[in-house]
Amino acid sequence: MTTAKVPEHVDLGGPPDWFREAARQHGYGGALASLHQEAGADTLLCGPSGYAVASAETADRARRWRAAGTVADRAVGQESRSTTVPLQALGLVAIRCAPLPPASPSEYVPWALRLTWLRLGLSGALLDACMEYLGGRTTGGEPMLRQQLLKGALADTVIAHLEAETVLTGGGATLPELADVNCHITRTDRELLRLLGASGFTLDGPGRTAYVSEVLADAYIGPTGTDAYIGPTGSGVSL
Amino acid sequence: MIELDDRLRILQRAAREWATELRSHALEVDRDPDAVMRLLDVPVIRGSGTLQIPPEYNPHPLVLSGERFYMMSALERVVALEECAWGDASLMLAAPGAPMAGIVVAALGDEEQKERFFGRLLERLTWACFALSEPARGSDAMAMTTTLTPATGGGFTLNGGKRYVGNAVRAQLAVVFARAGKGPTGLKAVLVDTSASGFKAEPVPTLGLRGAQLGAITLTDLEVSDEQVLGRHLSSTRAGLWAWLRTFNVLRPTVASMGVGMAQAAVDYVRAHRRQLTSHERDMIDTMDRQINAVRHLTRRSAIAVDANLSDGYIASAAKVRASRIAEDVTMRALDFFGPAARLEHPLLEKLARDVRGIEYMEGTTNVQRLSLFNLLARTSNAGRGMGSGTAQGGRPEFGGSSVT
C-alpha cells in the first residue's frame, strides 16, 4: 500500500454549491459520483469513520481511497463492507477503506462543505416533492396547500434552508458548524417526510432520497458534538 | 401515572419473552419480508394468529398463570404490543391474525359473519388485511373512490384501488372499505376472500417495517354477496362512519404503544452497547427514559379511556402524536451515541430508526390527530365554540392510515 500526504490546499474544481443544484435537480447519483471524482481519479472519498459511500459502479472502479490528509491504494483484503437493506436495494455500498485517519480537521472541511451542500440540495428536492405531492391533493374538497398546518410546516423548511445556506455561503464554516447544519438538514427532512404520508415511506418514493442523505451525513460528518468514533464494540477512539 | 395490576404484569412478562424471540429474527425479516413464512412454527408467530378474538368466539384464549387473555381490550393490547415492538414491530406486524380487521368485524359483523371470520382464524393460520387507504387520497373517507354498487341479479360489485395495506399480499381475508352512497352513511365495509376473482395484491416495498409488507390492491368487478357486507343488520348511522371511528379509537393506543416499545428498544440498545458513558451521557439516557415513560403512561391512560368508552379517543390521539415523536427523536439520538457511521455499524439501531417512521402513518398522521384535538378544544372552550367540525372524532372524517393532514 502506498500512502501519501495530500497537499494542504487542494484544487477541488468547481464551487462547492454546485453540488446543491446538481443534487436538487438530478438526485444524489451524479453529485455523489462527482464528490468522489473530486477526491481524485478512481478514488473513493472516505469520511472520518473511514467509510466511503458510493454506487457499486464507482466502488468497483476505484483504485485508491482518500481521507482527510491521506491518499492510499486500496487494499481490498483489508477493507470491510457494511450495508443496510435500503442501501443495497438502491445499488449503493459502504466500504470502510481507510483506517481511522489522523486528526486533520482543516483538510477535511472542503469535503464536508461539499457534502453539506449536496445534502442541502437533496433536502430541496424533498421540498419540491412535497410541494408536488400536496399540490395535487385535496382534503374535504379543499386543496391541501391551503391548510395552515401545512403552510407552516413548509415555511419552516424554507427557514431551515435559508439558515443552512447562510452558514455554508462564503466559506469559513468549521467542522462543528457543518455538523450542526447537517443535523438541521436531517431534522428538516424528517419533518418533510411527515407531510408525504405513506408515500414517503416507500422504497421508490422521495423517502429514499432522505434516507441516503442521512446515511451520507452519518458516514461523512457524524452527529453534532461527536469527538470520537465509537465502533460496534462500543469503545471510543478519539479522532 | 398508571401502574399495571398483577394480571397485566403476567401478560407483560410473557410478552417480554416473546419479544426476545422476535428480536432474534428482526434483521432476517428486514432483509427478506417473506422470511416470516419460514418462522411460522415460532410460538409467538403461530400464537398471534389466534389472539385478538372475542371471548364468545374463542374457546382457546391465551392462558398465563391461570389468567385468560383475549387481547380485545385496548389496555391488554398496549401492554403486550409495547413489549413485542421492543423485540421487533416489523415481524410482529408480519405475523398472521387479524389485529385490525378483527376489530371491524367484531364491531360491525353479525353473528354469522363473526362466526365465519373468527372460525377461519381458529381453523388455520390466516392473515386478514385491512384495506382502507387509497392512492392519492390516503384515508380521507369523504374522498374515497372505491365503490360498492348493486349488481344486476343481487349482491354488489366492488371496484377501486387500495394502497399501503399491511399484509395485503399474504392475506386470505380482507376487510375492504368502499363507498355505497353519499355522505358518512354511504361508507361500507365488506369482507372479501382474496382468492376471489377481481382481487389482486402486489407488494409496495418500504424503507422500514418491511415485514408488514405493505401492498397495493386492485379491485376489478369483484362480486360481493349481501352476506359479505359488514353492518348490514345495523342502522346506516351505526354501520357508517360513526362506528368505524370508534373502531379506530381502539387501534390508536396500540400504535402508540409500538412507538413506545421501539423508543425503549433504542435506549436499551445504547445502554447495552456503549460501555464507556460520560456522566453527561448517562444523564441524557436517563432523560430519554423519563420522556418515554411519560408517553408510556399517556398511552396506557388512553387505552383505559377507550376501553371505558369507545368514543373517547382524544387521549389516544395525543398518545399517538407523542409516541410517534418520541420514537423518532429517541432513535435518532441513540444513533448519535455511536458517532459517525452508526447507521453502518449498528444494524439493529439503524433498522429501528427506519421502522419508527411507520408509526407516523398508522391510524392517522400527527396532523390528523392535532386537528381532532383542536376540534375538541373548540367544542369545549367558550372562545372556540363553533370553530371545530363535528364528527365523532371531531375533525374531518378521516380514519387514519396514510393521510397527511
Side-chain angles (χ1 to χ4, degrees), chain A residues 47-51 53 82-89 94 96 133-134 136-141 144 147 149-150 153 186-187 190 193-205 207-208 211 214-215 218-236 239, chain B residues 27 30-32 133 135-140 142-143 163-164 204-210 214 270 272-276 324 328-329 332-333 335-347 350-351 353-354 357-358 360-362 365-367 370-371 389 396-398 401-405:
Chain A
S49 60
Y51 275 96
V53 177
S82 183
T83 192
T84 69
V85 170
L87 278 187
Q88 197 164 26
R96 188 167 171 202
Y133 174 82
L134 295 169
R137 291 191 64 166
T138 60
T139 181
M144 277 196 163
Q147 294 206 336
L149 273 174
L150 296 179
T186 298
R187 296 282 173 176
R190 289 273 180 149
L193 288 172
R194 288 172 179 266
L195 306 183
L196 286 165
S199 72
F201 200 45
T202 63
L203 195 54
D204 61 356
R208 73 176 176 181
Y211 177 80
E214 277 189 23
V215 172
D218 194 32
Y220 287 104
I221 305 288
T224 296
T226 299
D227 56 3
Y229 166 71
I230 301 154
T233 58
S235 55
L239 288 178
Chain B
L27 294 175
D30 188 45
R31 282 190 299 272
D32 175 16
S133 295
R137 286 171 293 279
S139 54
D140 184 350
M142 301 317 290
R163 197 167 171 83
Y164 312 124
V204 176
T206 51
L207 289 159
L209 293 179
R210 290 166 49 78
L214 297 191
V270 174
H273 294 85
R274 271 294 309 273
R275 290 198 302 268
Q276 301 161 345
S324 169
E328 191 158 2
D329 284 350
M332 301 280 277
R333 278 188 274 166
L335 283 164
D336 288 353
F337 273 83
F338 295 94
R343 284 169 177 76
L344 300 171
E345 300 198 329
H346 297 271
E350 186 273 339
K351 177 183 163 336
R354 279 187 282 121
R357 284 194 46 228
E360 170 69 10
Y361 312 121
M362 290 189 271
T365 61
T366 289
N367 280 348
R370 291 165 82 193
L371 289 172
S389 30
R396 183 172 48 79
E398 187 151 6
S402 63
S403 185
V404 295
T405 57

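Labels below follow one simple rule: chain letters A, B, ... track the order of the sequence lines, proteins then strands, and each chain is numbered from 1. On a predicted model such as this, the values are computed, not experimentally measured, just so you know.
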Of all heavy-atom pairs linking B/G339 and A/D218, the shortest is O-OD1, 3.8 Å

Side chain, backbone, both or neither: which part of A/L193 has an atom under 4.5 Å from a heavy atom of chain B?
both

A/Y211 meets the side chain to side chain donor-acceptor pair (under 3.5 Å) criterion, sequence neighbours left out, with A/T84, B/E350

Would you mind reporting whether A/R194 and B/S324 have side-chain heavy atoms less than 4.5 Å apart?
yes

Measure distances from B/A353 to the heavy atoms of chain A and classify the residue's part below 4.5 Å as side chain, backbone, both or neither.
both

A side-chain contact here means heavy atoms from C-beta on lying under 4.5 Å apart; do A/R187 and B/M332 qualify?
yes

Only pairs of heavy atoms separated by less than 4.5 Å count here; which of B/L209, B/L207, B/V270 has the most with chain A?
B/L207

Residue pair A/Y51 / B/A341: nearest heavy atoms and the distance that separates them
CD1-CB, 3.6 Å

Highest number of heavy-atom pairs under 4.5 Å with chain B among A/A219, A/P86, A/G136 belongs to A/P86

So which atom in B/P340 and which in A/P223 form the shortest heavy-atom distance, rounded to 0.1 Å?
N-CD, 3.8 Å

Minimum side-chain heavy-atom gap A/L149-B/L371 below 4.5 Å
yes

Using heavy-atom distances under 4.5 Å, tell me whether B/A143 contacts chain A through its side chain, its backbone, both, or neither.
neither

So how far is it from B/T365 OG1 to A/L195 CG, rounded to the nearest 0.5 Å?
9.0 Å

Is there side-chain contact between B/L214 and A/T202, with at least one heavy-atom pair below 4.5 Å?
no

Residues two or more places apart in sequence or in another chain: which of them pass side chain to side chain donor-acceptor pair (under 3.5 Å) with A/R208?
none

Honestly, the part of A/Q88 sitting under 4.5 Å from a heavy atom of chain B is neither

Side chain to side chain, A/L203 and B/R210, heavy atoms closer than 4.5 Å
yes

Is the shortest heavy-atom distance from the side chain of B/Y164 to the side chain of A/S199 under 4.5 Å?
yes

